[in-house]
Colleague: 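Have a look at this one before I ask anything.
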Amino acid sequence: MRICRLMHTECEDSVLQEAGELLRNGKLVVFPTETVYGLGANALDTIAIKKIFEAKGRPSDNPLIAHIDGLAMLDMLVADIGNVERKLMNAFWPGPLTIIFDKLNKVPPALTGGTNKIAIRMPSNVIAKKLIAYANVPIAAPSANKSGKPSGTVINDIYDELKNDVVLFLDAGRSQIGVESTVVKVENGVPIVLRPGGITPDNIADVIGCVKLDKSIFDKIDANAPVLSPGMKYRHYAPDCDCVLVDGNSNESKASKVVNIIKQHNPDKIVVICTNENVKIYLQHPNVEVLSMGDACNFKEVSQNLYSLLRNAETFNPKLVIMESVRKEGLGLALMNRMIRACGYNVVDSSEH
Ligand code: TXA
Ligand code: MG
């Protein structure tokens with residue numbers, strides 16, 4: 001396998017052409033998108049799709065997103081497009097919105113987890129767009145990471161876990177958004193957000209006039225219950241140790257709860273993932289490593305850092321990772337969804353005594 005750094009290469013097009021050919025010929029390529037890195041394969045090639053599931057250790061009932069570079073490719077995958085879907089496409093493509101459609105028969109069932117629905121997105125990242133155009137086939141791409149681990153937002157974080165299966169890594173630095181796309185399914189004319197992401201529910205409501213959030217976003221769902229998005233069934237984004245999320249209305253209440261938990265665990269090693277405000281308070285405790293996601297008011301900074309920090313936390317071999325919540329507004333909805341799931345729904349409310 002090879003890593004190719006694309007930031008300042010003059011030969012970018014020749015590299016992308018080669019990567020496109022590799023993809024078309026059934027190989028796996030890791031590539032940047034504006035959300036997170038994707039583990040790409042030819043979406044029309046069942047054998048290539050199966051390589052993705054093997055490389056990730058992903059359950060076969062969890063379908064993949066097909067990435068397209070334009071509307072001509074959409075016609076290769078779906079039969080008809082509803083009015084609401086068309087409005088969403090016009091408003092948010094290219095960009096971090098994945099839309100669920102009815103698939104054409106020729107789309108491999110391995111891509112869609114055996115269902116007749118297909119998830120499609122048109123990324124805005126220039127490298128991703130060019131790569132798909134060179135491949136000249138839709139690209140199936142889950143986030144580039146082993147199943148259950150935090151998604152890859154820098155190549156360094158994921159190289160070791162994927163190097164045996166991937167022939168080429170296209171490295172374009174840190175992902176711009178840092179959390180995955182919003183996944184939307186339209187039912188009876190109403191867009192339902194199955195996974196919050198770069199496009200917020202408010203963004204969608206502004207265009208369509210209404211939006212709903214699927215209840216699996218914040219609530220644990222029964223393993224046997226029917227789900228709209230199979231990915232919501234599995235533990236995700238999680239470091240390899242116990243995690244707890246401390247929620248609350250004020251910084252002060254969160255800080256005092258976190259300190260309480262730290263004291264209960266002393267002298268065990270603890271990692272705290274928080275925003276800048278309370279860093280100094282936690283640093284006073286010798287058994288604690290503090291990782292800051294950035295400024296609490298700057299969701300963009302927080303989302304760019306979150307997954308790398310979840311991975312970094314593991315390297316301290318802690319007994320426990322404590323995360324501070326962020327506001328559940330705008331991009332904060334996506335951040336809280338990922339943090340709650342990283343903690344396996346282990347959430348304590350610091351405003352309760
Ligand atoms: O930003 C992203 O979406 C990234 C980049 C690489 O594009 N991709 C990504 O893929 O996050 P993945 O496989 O990690 O997540 C896809 C999500 C899963 O929750 C899956 O269950 C859901 O989309 N999904 C895919 N196909 C679906 C379908 N036919 N019906 C319902 N949900 C679907
Ligand atoms: Mg993923």
Colleague: Tell me, yes or no, whether the heavy-atom count around D295 atom CG, taken from other residues, nucleotides or ligands under 6.0 Å, exceeds 12.
Modeller: yes

Colleague: Quick check on L213: does its CG atom have over 12 non-hydrogen neighbours (other residues, nucleotides or ligands) under 6.0 Å away?
Modeller: yes

Colleague: Can you find a pair of side-chain heavy atoms, one from V166 and one from Y159, that are under 4.5 Å apart?
Modeller: no

Colleague: Could you pull out the closest heavy-atom pair between L335 and S303, with the gap in Å?
Modeller: CD2-CB, 3.4 Å

Colleague: Are F101 and V207 joined in one hydrophobic group, where the rule is that I, L, V, M, F, W and Y side chains link up if heavy atoms are under 4.5 Å apart?
Modeller: yes

Colleague: Begin with the C-alpha distance, continue with both residues' side-chain angles, and end with the deciding distance and a verdict on salt bridge (Lys or Arg N to Asp or Glu O under 4.0 Å) for K51 and D165.
Modeller: CA-CA 8 Å; K51 285 186 191 166; D165 300 286; over 6 Å; no

Colleague: Do H285 and I270 make a side-chain contact, defined as non-hydrogen atoms from C-beta onward lying under 4.5 Å apart?
Modeller: no

Colleague: Taking atom CG as the centre, does N249 end up with more than 12 heavy-atom neighbours from other residues, nucleotides or ligands that are less than 6.0 angstrom away?
Modeller: no

Colleague: Could you tell me whether the side chain of M339 reaches within less than 4.5 Å of the side chain of I273, counting heavy atoms only?
Modeller: no

Colleague: Is any side-chain heavy atom of K103 closer than 4.5 Å to one of L77?
Modeller: no

Colleague: In the structure I gave you, are the side-chain heavy atoms of L194 and S216 within less than 4.5 Å of one another anywhere?
Modeller: no

Colleague: Any side-chain hydrogen bond (donor to acceptor under 3.5 Å, both in side chains) involving residues 118-127? Give me the pairs, sequence neighbours left out, ordered by first then second residue.
Modeller: T33-R121, E34-R121, E34-S124, T35-R121

Colleague: Could you go through E277 and K254, starting from their C-alpha distance and side-chain angles, then the distance that decides it, and tell me whether this counts as salt bridge (Lys or Arg N to Asp or Glu O under 4.0 Å)?
Modeller: CA-CA 11 Å; E277 289 74 5; K254 283 190 274 187; over 6 Å; no

Colleague: Tell me, do M336 and L245 make a side-chain contact under 4.5 Å, heavy atoms counted?
Modeller: yes

Colleague: Closest heavy-atom contact between I199 and T182?
Modeller: O-OG1, 2.6 Å

Colleague: Hydrogens and angles aside, do N145 and Y37 bring a side-chain donor and acceptor to less than 3.5 Å of each other?
Modeller: no

Colleague: Side chains of T200 and N203: is there a donor and an acceptor less than 3.5 Å apart?
Modeller: yes

Colleague: Could you check whether K129 pairs with D69 (Lys NZ or Arg NE/NH1/NH2 to Asp/Glu carboxylate O, under 4.0 Å)?
Modeller: no

Colleague: Assigning hydrophobic clusters by single linkage (Ile, Leu, Val, Met, Phe, Trp, Tyr; side-chain heavy-atom cutoff under 4.5 Å), is V36 placed with I120?
Modeller: yes

Colleague: With the 4.5 Å side-chain cut-off for hydrophobic clustering, are I49 and I65 part of the same group?
Modeller: no

Colleague: Is the shortest side-chain heavy-atom distance between I158 and Y307 below 4.5 Å?
Modeller: no

Colleague: Can you check whether K56 reaches P142 side chain to side chain, under 4.5 Å on heavy atoms?
Modeller: yes

Colleague: Nearest heavy-atom pair of L309 and L291: which atoms, and what distance?
Modeller: O-CD1, 3.7 Å

